[in-house]
Amino acid sequence: MMKNVGGADRVIRIIVGIALLSLFIFLPGYWKLTGLIALPFLITGLMQKCGMNKLLGRNTCRIS
């Protein structure tokens with residue numbers, strides 16, 4: 001799959017991923033599991049590939 005996440009989209013995904021991952025560290029008990037929502041954001045931001053973008057025909061990466 002070609003890269004389709006870049007620029008501001010990538011930065012936003014990484015920042016949101018880190019913010020949600022902090023929930024895993026700071027929340028008690030089972031609420032920690034909500035921090036795992038961060039994984040898709042971090043993975044798509046770091047790998048620059050998003051299946052949902054591909055399905056929707058979006059490409060925010062200038063260099064493929």
For Val16, the other hydrophobic cluster members (4.5 Å side-chain criterion, sorted by chain and number) are Ile12, Leu20, Leu23, Leu27, Trp31, Ile37, Phe41
Are any non-hydrogen side-chain atoms of Leu42 and Ile18 less than 4.5 angstrom apart?
-> yes
Could you tell me which non-hydrogen atom of Lys49 sits nearest to which non-hydrogen atom of Lys3, and how far apart they are?
-> CG-CA, 4.2 Å
How far apart are the closest heavy atoms of Ala38 and Gly17, and which atoms are they?
-> CB-O, 3.1 Å
Do Met2 and Met47 share a hydrophobic cluster, counting only Ile, Leu, Val, Met, Phe, Trp and Tyr and linking them when any side-chain heavy atoms are less than 4.5 Å apart?
-> no
Can you tell me how far CZ of Arg13 sits from CD1 of Ile43, rounded to the nearest 0.5 angstrom?
-> 12.0 Å
Measure the spacing between CG of Asn59 and NZ of Lys54 and express it to the nearest 0.5 Å.
-> 11.0 Å
Do Thr44 and Met52 touch side chain to side chain, with heavy atoms closer than 4.5 Å?
-> no
Who are the side chain to side chain contact (heavy atoms under 4.5 Å, CB included) partners of Lys32, not counting sequence neighbours?
-> Phe24
Sub-3.5 Å donor-acceptor pair from the side chain of Asn4 to the main-chain atoms of Cys50, do we have one?
-> yes
